[in-house]
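Working notes, beginning with the structure itself.
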Amino acid sequence: MSDAPVDRVLSGPARPVLAVVLGAGLTFGLDLVLLWWAALMIGVVAAFAFVFATDRFASADGDAFERDRGVLHGVLVVPTALVLSVAGGLLAAWLLDLSLIEPVAALMGGALGSLLALLLLRRLSGMLALSFAAVFAAGAIAIAVTALVLLASGIDPLHTFARMLEYGTRPDSMVQIINDSTTYYLAAVAVAIGFQMKLFNIGVDGQYRLAALMAATVGGYLVLPPVISQIVLVLTAVVVGGFWAGIAGYLKVTRGVSEVISTIMLNAIATGITAYLLSTDRIAVEISTNNIGTPPMPESAWVPGIPASFLGSDERIFGFVFLAVAVGVAYWVMLNRTRFGFELRATGQSKTAAEASGVNVRKMVFLAMVFSGVVAGLVGLPQLLGHSHHYALDFPTGIGFTGIAIALLGRNHPVGVAFAALFWSFLTQASGILPFDSIPQEIAVIAQATIVLTVVVVYEVVHRWGRRYQQQQIGRQLGTVAGPGAESAQAPPEGGTDERGRDATVPAADGEHGGEAR
Amino acid sequence: MSSTSSGGGTTPSPAVELHGITKRFPGVVANHDIDITVAPGTVHAIVGENGAGKSTLMKTLYGMHRPDEGHVYVKGREVRFHSPSDAIKHGIGMVHQHFMLADNLTVLENVVLGAERRFGIGKRARARVRELSEQYGLGIDPDRLMEELGVGDRQRVEILKVLYRGAETIILDEPTAVLVPQEVDELFDNLRGLKREGLTVIFISHKLDEVLSVADEITVIRRGTTVDTVDPAATTARDLATMMVGGELPVPELRESTVTDHVVLSLEAVTVRAPGGRAVVDGVSADIHRGEIVGIAGVEGNGQSELIEAVMGMRPLASGRVRLEGRDVTGWSTLRLREAGVGYIPEDRHRHGVLLESPLWENRILGHQTKPPSVRGPWIDRSGARADAARIVSEYDVRTPGIDVIADALSGGNQQKFIIGREMSGAPRFLVAAHPTRGVDVGAQAAIWEQLRDARAAGLAVLLVSADLDELIGMSDRIHVILRGRLVAQADPTTVTPEQLGSAMTGAGLDGPKEGDTGADDENGGRA
């Protein structure tokens, strides 16, 4: 904190450098005497304190920073930023530690954490901090509920959690988690596109199964050169998924059929079609003694995996993890940067307002459904092209429903959904060890269910509260300045000046009221 | 008759007493330090301008929201309502301005709905409805289908619903807004009937002559607080008006005429049919010139909304043409019309004008999502939209801490100013302004009028629909009166009075009921 006057002398760009050097240096130094994570935490906290202390000199220009100043800032934004930057630093260091030597990983983690501290303190808005806080709170509640369930069944919760954490972070488990999340992520984005429009696409499940079956059939019977083959298969899946969802969209737009009903029925029909086609009389061949499926695809159609040696595992990560990332980025860009995305969100928020603004609501409903189906079509591909290379009876099902839960958990946000998918598959994977300790594996399902419920409820409550808070804050802010402002604004039109003056004092007087109440 | 206070004995304790009620909303203080005492067995009127805080106050009394400060007493005992059902338990019922009835159910079913526990849903309920109907002279047959009933009957069903639930104090929120004069008289007879039976009526209105004719006591509210409570026998409409506006209101007024010969929008026998085939807009023809504001006057529900939606391309025309600058734009989509330079200030801004949960700068894009500065090709131009939103905020005096604030956080007046700024940007040729100052505070009202005047001087053609006759007369270059979907009269705002307009709106013709009105299309614009 004694650095503050120094900083005033230094120009703006020097500050981040100082913060990072402080954080990273402390981490590195302390790493020699302490455990790496303890060192890192101290380092990042120190960097954070430095940034926080020097902020009032540097923040004159940052409008995002000024805006949310208030009680909310003090009690929420600052602690959230602190927790997030420490967590970010720890996570980064831990991941880097898998492929680098420890001191270097700690150093880099410390640097990253310090950078995060700088960034978050300046850029984290009140509402976003509120969202993070809500998720933290929900997580805490969910863990507590799970612990209670464990206690009630006479199992030591701490021991269980420790086992899960240990097993879930083993290299092989991590590869599995990443692979599962790739699939989950695609499914969740498919659902989230619908959610943006207040459309509930329950049919992701049928869409991806049908799409995967068709892609597998095309891949099994059609031998194409590499690259072209993959492109053709992706296109097949996308078209089939989009078409299948498009049926529901078309029915909704033209006949007013609820997409919930129609997609559920389409799921059933997809199951029927799959059962019909997947027979040795038709497209299937015998794969092993007890299993039939589409003919195995030639190697030219495979998507090679990424060796996970940097995580210390011999397994491979789905090559299509990049597809999932690309879909996530495309989803974000589409939603926030394109006219189409704006119209989508506008329609989702208020159909009437969208209509009055010249948005073709029916077209948007149909297109949203189709896009949801297009992404759903991709769900089965990482598994199909990256691992099994055929669609057989044992092809994973039910991912569409998991996708709904993950979309809810991630609040339809591309990044939120990514974390939700990782978390979900972590729980699934980590619980795999529990039967060995004769702890029921279902504990993971309980945890998953609880966290979805708590996140949805807590988030909604906190969000509503935050909005009201923001409104009150603005009301108060404007209430106190309305006095002089109102007078000058009302002066131009002709009319009784005496009345004007009196009117203008009313909001001003009440602003004081508000102040007192606080 | 009614309950007397347990302690005093001589004077009955007030049916309802509000003391020091304060209620704040974002950006505005809707009510502060309200004190009202309603004596039992009376009709107590609460008058005030649009936006004075009458409805907010009644929502407080009916438990729809809780006051930030203050106390509510019912029959002398303090109560705290958490929901309307609490209010109903204490014998307070409310008839809303907009009816909450299911058309496809019978009267009985509508009345019983949600109150099944009181008298069941069968014979007992029917008997009770009949009994109430007779007791209060409402004349309602419990077995008629709701859709067969007219507006007046529907209102009586709403009153019956409240009585059925055991209300002793009935709040009527602007009950006459949807009624024609004869129906108003019937309603007042009903209210006197209720009073005779010992019930208390709280009557909210901003129509002074009505209030004077029916109320036993009148409380005037201005800018969210009570000004005074007066005896109607000892006061006049003029005094009340002075109290309501606290002196002079900003007067809507046009200066010199800027009307030109150039027709911007021309409606030719525009007809719009409701799903049932009934013509809700019937052969409307009108020309709107550059620099002209054409007002449409009419009792709500006479086809104004449908006409606007037809002009904006949101509702298909059954027949007729719409021309914009000579081009036939009949059947164009809303988007195409907007791109061609048509601005739209919708009558219900929350439903049609803004995305409440989006920040202001995103709301700048709404309705202009195909044009710069908010959009570049298929991409959103964030910096352009933000810069332009900031321009609107400063030019139109929108009171907000910034453009990242969600629209919902602003007061109605500021939302409206933002909408007007948005619709005025991009130099529109034609503007549809539906109730541009509805629910807007006085300061914002004056600012909005000023904006409209400036735009008119700059050559904008405006179609103005409003329920506020003073606004129509003050802001229009020409006024058409719409009745049952037809333009039945044309008036010159420089000479016409609100009373004359009012009588024309109810079908009596501009010169009042005495003169035999010779056909609806009788034009006597600007009586000699």
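Chain identifiers are assigned alphabetically (A, B, ...) following the order of the sequence lines, protein sequences preceding nucleic acid strands; residue numbering begins at 1 within each chain. Worth saying up front: this structure is predicted, and the values here are computed from it rather than measured.
- For the side-chain contact (heavy atoms from CB on, under 4.5 Å) test with A:M369, the passing option among A:V253, A:I193, A:N201 is A:N201; the others fail.
- Contacts between B:P346 and chain A at a heavy-atom distance below 4.5 Å are absent for every atom of the residue.
- Chosen from B:E357, B:R376, B:H368, the residue pairing most often with chain A at heavy-atom distances under 4.5 Å is B:E357.
- Of the atoms belonging to B:R351, heavy atoms from both backbone and side chain fall under 4.5 Å from chain A.
- Side chain of B:D388 to backbone of B:G384: no donor-acceptor contact under 3.5 angstrom is found.
- At a 4.5 Å heavy-atom cutoff, the contact between B:S358 and chain A is made by backbone and side-chain atoms alike.
- With hydrogens and angles disregarded, no donor-acceptor distance shorter than 3.5 Å links the side chain of A:Q196 to the backbone of A:L344.
- Interface residue B:L356: only backbone heavy atoms are found under 4.5 Å from chain A.
- Put simply, the side chain of A:T254 gets close to the backbone of A:Y250: a donor and an acceptor are under 3.5 Å apart.
- The most heavy-atom pairs under 4.5 Å with chain A, out of B:E339, B:R336, B:H352, B:M312, come from B:H352.
- When the candidates B:I406, B:L335, B:I380 are compared by the number of heavy-atom contacts under 4.5 Å with chain A, B:I380 comes out ahead.
- Between the side chain of B:S374 and the backbone N or O of B:K371, at least one donor-acceptor pair lies under 3.5 Å.
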Any chance you could lay out the salt bridge (charged side-chain N to carboxylate O under 4.0 Å, His left out) test for B:R386 and B:D404, step after step, and finish with the verdict? CA-CA 9 Å; B:R386 293 179 67 93; B:D404 289 301; 3.0 Å; yes

